[in-house]
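Below is one structure; the comments refer to it alone.
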Amino acid sequence: MPAITLPDGSVRSFPGAVTGTEIAAAIGPGLARAALAMVVNGAEMDMAREITEDAQVKFITRKDEAALELIRHDAAHVLAEAVQALYPGTQVTIGPSIENGFYYDFYRNEPFTPDDLPAIEAKMREIIAANAPFTREVLDRDDAIAYFTLKGESFKAELIRDLPADQTITIYRQGEWLDLCRGPHLPSTGAVGTAFKLMKTAGAYWRGNAKNPMLSRIYGTAWRDQKELDAYLHQLEEAERRDHRRIGREMDLFHIQEEAVGSIFWHQKGWKLYRTVEAYIRRRLEQNGYEEVRTPQLVDRKLWEMSGHWDKYRKNMFIAEVVEEESTLALKPMNCPCHVQIFKQGLRSYRQLPMRMAEFGACHRYEPSGALHGIMRVRAFTQDDAHIFCTEDQIADETVRFVELLESVYKDFGFESFTVKFSDRPETRAGSDEVWDRAEAALKSACEKAGVDYTLNPGEGAFYGPKLEFVLRDAIGRDWQCGTIQVDFVLPERLDAEYVTSESGRARPVMLHRAIIGSFERFLGILIEQYAGRFPLWLAPTQVVVATIVSDADPYAEEVAEALRSAGLTVELDTSNQKIQAKIRDHSLHHVPNILVVGRKEAEERKVALRRLGGAAQEILPLEEVVALLKTEATPPDLRRN
RNA sequence: GCUGUCAUAGCUCAGGGGUAGAGCACUUCAUUGGUAAUGAAGAGGUCCUGGGUUCAAUUCCCAGUGACAGCACCA
């Protein structure tokens, strides 16, 4: 006699085992039609599953967010059926729901191309129209392996073989087709609906390992209704408009060319933006007790051998050799060993710790060609790097200080939220387990102290220590690691850094590797997308354009521009022979935040017409007032606080 | 690096076995105008590079390089 408790608190009893479909029908025909799945004591299940004991039950309908995952997962099954119907001999592997949609990985001699998608999508619509019910069956493990092996589905058989011994093996049928799946599923294929679209094809390694065969992946997006799908497709178009590579060209910020792959040619305006960010970070570091240094670009391989980088990253380093010299030099891929060299000059005392050594370190890494992405992932980049040499006791406090600084910096740049990942020991690493235990424990307790919520990223730490990663999201929803703090007991040991303790003994310092924005290149890319080129005034590469209406106003316009320049603003003067409408349009398209329009009237009255980007209204103000106003507005956020 | 797609004017793109076109941008001339495009004229191309097929290749084939998407990688 199961008693079913519903979300409104009401209880319904049933004489015996009862399915979700039956419960929904008992409540009402509307719900019976709308229910896609149910949640039984917190676990999602198919409508057809039987409930034999008392339970809390709620139903998922198309109105619920939770329906999205079911729709996407089922769309993946439908995709797989369609592909096997159209391309016999293709093996299925896995097909999960993902953010915004789903994918399915297939094994096939000939990879799918975008040209194949229309036919596959059409087939999917047929399968959905046929509306076959999804039915669940429990299989014996060996039978399941035998079944898929016989069918020639070796990838599926491998999956089952690797499932934990205690896991129930289930398959789901839809019409003639079936797939290994844990479920749950919608009642039938028709419930997937028509608000989906196949998006692209791609290669992907079996089980995410580059040593395994490459599969052919088909990506799709799926939504609850057409309106949601349209909104998503529109959002993609918007994202494309704010792509930093596009805005970088349109605003004349930078370019990249074949002769220097992965390196950036910063144009005047882009470099201005870069320098603004750099000056800001430099001020923040100085306020926070960091000392800036500069270390060599080319360093003998001996140092990299000692640090362990040569062994692990040699393939990713740029090597420089000279005919006249025996030695092999490497362009530095990171700054830490160099900073240790500075630390090692002279005897250090415990009184000097923590020592916070910062460098805008220009680094080079030979990144795999496929990893390059605009200015976000490059081969030549500059880190806002710093190493904090401290005692083990100081790790927690220093981490807290760092996180506070990082939060404040992100906020100043307009990033209100970010995620944190905690990466612990990787498989190949330096240092003993005992050292790793200490390092991980120290970082964890620091997180607690700093009140940092993190998700665990197992096995993703640096080879010398665990790390926190601070992740920002770009316009298209891609995540980019920017900030990081890493606890390192290993490098000081390897490079023999030590200080004199209060008892006159010698001890190893701990190194905290840390960066807030990560690399200037990546961060500027994210900033460009964050603001879609419409920067706040303090960041805007061109802050003001003075545009004339008639050439009689030219001398006054020059005077206006000069007054603004004297106030420290970046100004362009547009006295070109064009109508004011065209000038407004041109500068607006280039995202100039302020246009000062001057004509005869303004020249006579010594005023200016201030027009804000995107606004239609103008404000007529006396010259001195505008200068003071814009000067205040252009003050960087940290200087405003002072 | 792997899989796929792509490479034509500064930009966005069309075209196609007989050495090329549009819009915008650019230059010049006329126009001096009041808040998102004034008009006219002009200039601009090794059709990514190398090889092959062909009477003829920018177009077809092969290789390379680069870009894009995804995967793998990211000290």
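By convention in this document, chain letters (A, B, ...) are assigned in the order of the sequence lines, proteins followed by strands, and residues within each chain are numbered from 1.
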Looking only at side-chain atoms of [X], point me to the closest of [options].
{"X": "A/Pro333", "options": "B/C71, B/A36, B/A75", "value": "B/A75"}
{"X": "A/Glu258", "options": "B/A69, B/G66, B/A72", "value": "B/G66"}
{"X": "A/Pro111", "options": "B/G33, B/G70, B/G4", "value": "B/G4"}
{"X": "A/Ala582", "options": "B/A37, B/G70, B/U35", "value": "B/A37"}
{"X": "A/Glu602", "options": "B/G34, B/A69, B/C71", "value": "B/G34"}
{"X": "A/Arg600", "options": "B/U32, B/G66, B/U38", "value": "B/U32"}
{"X": "A/Ala210", "options": "B/A37, B/A72, B/U32", "value": "B/A72"}
{"X": "A/Arg249", "options": "B/C11, B/A75, B/G33", "value": "B/C11"}

Is any side-chain N or O of [X] under 3.5 Å from a base N or O of [N], one able to act as donor and the other as acceptor?
{"X": "A/Ser216", "N": "B/U3", "result": "no"}
{"X": "A/Arg611", "N": "B/A36", "result": "yes"}
{"X": "A/Arg377", "N": "B/C74", "result": "yes"}
{"X": "A/Glu367", "N": "B/G1", "result": "no"}
{"X": "A/Gln581", "N": "B/U35", "result": "no"}
{"X": "A/Tyr366", "N": "B/G1", "result": "no"}

Over 12 non-hydrogen atoms of neighbours within 6.0 angstrom of CG in A/Asp300: yes
Neighbour count above 12 (heavy atom, 6.0 Å) for A/Tyr454 OH: yes
With sugar-phosphate meaning primed atoms plus P, OP1 and OP2, does [X] contact a base, only sugar-phosphate, or nothing at under 4.0 Å between heavy atoms?
{"X": "A/Lys211", "result": "nothing"}
{"X": "A/Ile549", "result": "base"}
{"X": "A/Gly518", "result": "nothing"}

Separation of B/U12 P from A/Glu240 CD (nearest whole Å): 11 Å
Stacked pair A/Tyr313-B/A75, distance under 5.5 Å, angle under 30°: yes
Aromatic ring proximity A/His339/A/Phe389, centre distance under 6.0 Å: no
side-chain N/O A/Lys467 vs B/A75 OP1/OP2, d < 4.0 Å: yes
Span that lies between the P atom of B/A67 and that of B/G51, in whole angstrom: 24 Å
Which atom of A/Phe381 lies closest to which atom of A/Pro333, heavy atoms considered: CZ-O, 4.5 Å
Ring pair (Phe, Tyr, Trp, His ring centres under 6.0 Å) assessment of A/Phe254 paired with A/His267: CA-CA 5 Å; A/Phe254 60 82; A/His267 300 189; 7.6 Å; no
